[in-house]
2 protein chains.
Amino acid sequence: METETKERPTEVARSPKFEAIERAAYELFLSRGFGSVSMDEIAKRAGVSKATIYSHFADKAELFAGMMRADCAMSWVKSELSDRPADDARGVLLELGRSYIGLLAEKGAMQRIVIAEAMRFPEIAQIFFENGPNASRLALTGYLDRVCATGKLAIPDTNRAANQFFALLRDDIYLRGLLGLDSGDDLQAALDKTVTAAVDLFLKGYAP
Amino acid sequence: METETKERPTEVARSPKFEAIERAAYELFLSRGFGSVSMDEIAKRAGVSKATIYSHFADKAELFAGMMRADCAMSWVKSELSDRPADDARGVLLELGRSYIGLLAEKGAMQRIVIAEAMRFPEIAQIFFENGPNASRLALTGYLDRVCATGKLAIPDTNRAANQFFALLRDDIYLRGLLGLDSGDDLQAALDKTVTAAVDLFLKGYAP
DNA sequence: GTCTATAGATCGATAGAC
DNA sequence: GTCTATCGATCTATAGAC
């Protein structure tokens with residue numbers, strides 16, 4: 001979805017029904033996927049008729065792809081790493097780790113749908129990977145390069161190390177989330193422990 | 001002792017049509033998921049009529065769940081870790097790593113389907129996780145305990161460490177596979193490098 | 001047991017009134 | 001633009017002949 005402040009030169013204010021359709025489709029698709037959601041259902045939730053939907057969107061696939069594309073295109077990394085201090089790798093990685101894990105939980109439903117429909121909508125899977133995991137990896141790689149320049153870490157391949165760090169953060173909680181399994185009683189404590197354990201292993205493993 | 005099991009008569013040979021149905025359903029479900037495969041399609045591929053399928057399986061959901069349940073229940077870990085030497089952690093972990101990555105590639109399609117249908121078939125997701133990732137983690141935890149007993153590694157939480165090791169092995173290749181993205185031209189070399197890099201980081205990070 | 005034929009329901013998409 | 005009404009296709013599941 002896009003923010004309301006974003007200007008669209010070629011288009012005037014979008015009608016309330018149009019936005020209602022978008023919102024209804026987004027919520028339904030994200031909770032149940034492409035195949036299990038019918039256009040009748042979207043129309044009913046949006047409070048419009050089915051014909052109104054087809055006056056704004058060519059077909060069901062375009063409606064789905066439009067919603068997912070906009071959602072995947074949103075930037076993942078909230079905290080920029082380019083202006084982070086290179087002499088406090090532990091603090092920066094801890095903060096990045098907590099931010100990343102929060103992001104996984106927040107975007108969990110979207111990722112499950114993207115994976116489920118990756119065969120039918122390969123373009124969506126591509127956009128998701130580039131703007132999500134790959135963008136995160138690139139950002140961390142740049143930061144690790146700077147840390148290595150200070151001599152505080154010795155990483156032979158910062159690209160690979162960035163991948164490893166995010167892999168450690170995902171742990172098995174990511175897979176559990178994709179599978180819809182409850183991760184025990186004290187999830188937040190487990191997540192914090194996962195972050196600190198990942199940073200510990202990473203820093204010691206790449207110490208000079 | 002059940003003498004008359006309708007579903008699995010292990011003593012009596014199951015009819016060829018029954019097995020043809022199972023094989024056709026398994027292949028189709030694994031390649032396109034639950035919703036996109038019709039009973040007509042399964043019947044056509046199996047060379048039987050639709051009514052014959054319904055004479056063996058209650059409905060489409062039971063047919064799907066039966067196939068996926070059987071596939072998920074298959075043991076993952078091929079090489080038992082209980083009889084592995086505790087004084088050669090690097091060699092054992094390298095071998096386990098290659099085996100695990102091969103397994104991910106082999107079961108890639110099944111995992112994508114399990115994730116995609118996790119909401120509709122939570123039981124399948126549960127069985128998959130227990131027999132797959134969780135069983136692997138338990139096996140590795142036991143081995144790491146033995147290695148720590150020899151003093152060659154110092155791991156505060158072997159359960160967490162086992163999770164971390166498998167997470168390092170998955171790297172981002174696992175996610176790419178779920179998304180159906182091609183992982184470049186030289187996949188095998190990248191996989192080998194991922195395994196060695198994971199073992200390197202793990203051993204140095206948990207060195208005494 | 002296995003088939004053909006079809007019921008019954010739902011879906012995506014459209015025609016036509018207003 | 002938006003609605004109601006419906007078409008045609010497709011799906012799951014079943015009835016009935018053999």
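Labels below follow one simple rule: chain letters A, B, ... track the order of the sequence lines, proteins then strands, and each chain is numbered from 1.
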Inset, instruction - Using only side-chain N and O atoms of A:Tyr54, determine if any of them is under 4.0 Å from OP1 or OP2 of C:dT14. - result: no
Taking every heavy atom of B:Met67 against every heavy atom of B:Ala25, the minimum-distance pair comes out as CG-CB, 4.3 Å
Rounded to whole Å, the NZ-P distance (A:Lys50 to C:dT10) equals 12 Å
Here the distance between atom P of C:dG12 and atom CD1 of A:Ile53, to the nearest Å, is 10 Å
Contacted region of DNA chain D by chain B, from 5' end to 3' end of the hits, cut-off under 4.0 Å to heavy atoms, spans D:dC11 to D:dA15
If only side-chain N and O atoms count, and only distance matters, is there a donor-acceptor pair under 3.5 Å linking B:Thr141 with B:Asn159? yes
- prompt: Do other residues, nucleotides or ligands put more than 12 heavy atoms under 6.0 Å from A:Lys204 NZ?
  reply: yes
Answer yes or no: is there an ion pair linking [X] with [Y], defined by an N-O contact shorter than 4.0 Å?
X	Y	result
B:Glu41	B:Arg32	yes
B:Arg176	B:Asp172	yes
A:Asp71	A:Lys107	yes

Would you say the ring centers of A:Phe64 and A:Phe57 fall short of 6.0 Å from each other? no
ask   = Within 45° of the ring axis of B:Phe34 and under 6.0 Å from its six-membered ring centre, is that where the NZ or CZ of B:Lys60 lies?
value = yes
Numerically ordered, the residues 27-41 of chain B set in heavy-atom contact under 4.0 Å with DNA chain D is B:Val37, B:Ser38, B:Met39, B:Asp40
>> Under 4.0 Å, heavy atoms only, any strand: does A:Lys17 hit a base, just the sugar-phosphate, or nothing?
In response: sugar-phosphate
